[in-house]
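Keep in mind that the numbers below use all heavy atoms, side chains included, and drop hydrogens, waters and symmetry copies. These figures come from a predicted structure and were not determined experimentally.
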Amino acid sequence: MDPKGQPQNAPPAGFYVPPQPPPAYEAGQTNYQFQPQQQHLVQHVITTPNVGPNPCSILCPSCRQHVVTRMDYETSTKTHIMAGLLCAFICWPCAWIPYVMDSCKNANHYCPNCGCFIGTYKS
């Protein structure tokens, strides 16, 4: 120790001292440090095919079978707007017509084998 109370090999105050490497392992020593392995995430992107207002022939992304799609129609905002316009123009007795016309509804395509949703055609 020097007269100021610091160890003799100590650097002056305010200087950076890099950390010392860990001591070498001796034979028979079993205190190992394992580094965790990085996991690689793989993302699969499934693109929906372009479907139209009619059933289409397509390869199902779920069951990988070549099928002709099954279609279900559901009402959409367009259906309600068409009915509202008919009511606004004094055609209120005809306001039910957009609800029975498939051309005023969205067409949802499904696989007939596995029931997988394929896509929607918005009219």
Measure the shortest side-chain to side-chain distance between Ile118 and Pro61 over non-hydrogen atoms and say whether it is less than 4.5 angstrom. yes
For the residue pair Tyr99 and Thr79, establish whether any side-chain heavy-atom pair is separated by less than 4.5 Å. yes
Inter-residue atom distance Met101.CE - Tyr73.OH, 0.5 Å rounding: 11.5 Å
Hey, quick one: are Val51 and Val67 part of the same hydrophobic cluster, counting side-chain heavy atoms closer than 4.5 Å, chains of contacts allowed? yes
Same cluster (ILVMFWY, side-chain, under 4.5 Å), Phe89 and Ile81: yes
For Thr75 and His80 the tightest heavy-atom approach is OG1-NE2, 4.2 Å
Given side chains that start at C-beta, do those of Leu86 and Pro98 come closer than 4.5 Å, heavy atoms only? yes
In terms of heavy-atom contacts, Gly115 and Arg70 come closest through CA-NH2, 4.4 Å
Is there a side-chain contact between His66 and Ser57 (heavy atoms, below 4.5 Å)? yes
Distance, nearest 0.5 Å, that separates OH of Tyr121 from OG1 of Thr69: 13.5 Å
Is Thr120 reaching over with its side chain to a backbone N or O of Asn108, donor-acceptor style, under 3.5 angstrom? no
Got Cys63 and Cys111 here, is their nearest side-chain heavy-atom distance under 4.5 Å? yes
Interatomic spacing from OG1 in Thr77 to CE in Met82 - rounded to 0.5 Å: 13.0 Å
Just one of Leu59, Ile58, Asn113 clears the side-chain contact (heavy atoms from CB on, under 4.5 Å) bar with Gln65, so which one? Asn113
Met71, CE: over 12 other non-hydrogen atoms inside 6.0 angstrom: yes
With a 4.5 Å heavy-atom cut-off, do Tyr110 and Asp72 have their side chains touching? yes
Does Ser76 use its side chain to pair, donor to acceptor, with the backbone of Lys105 at less than 3.5 Å? no
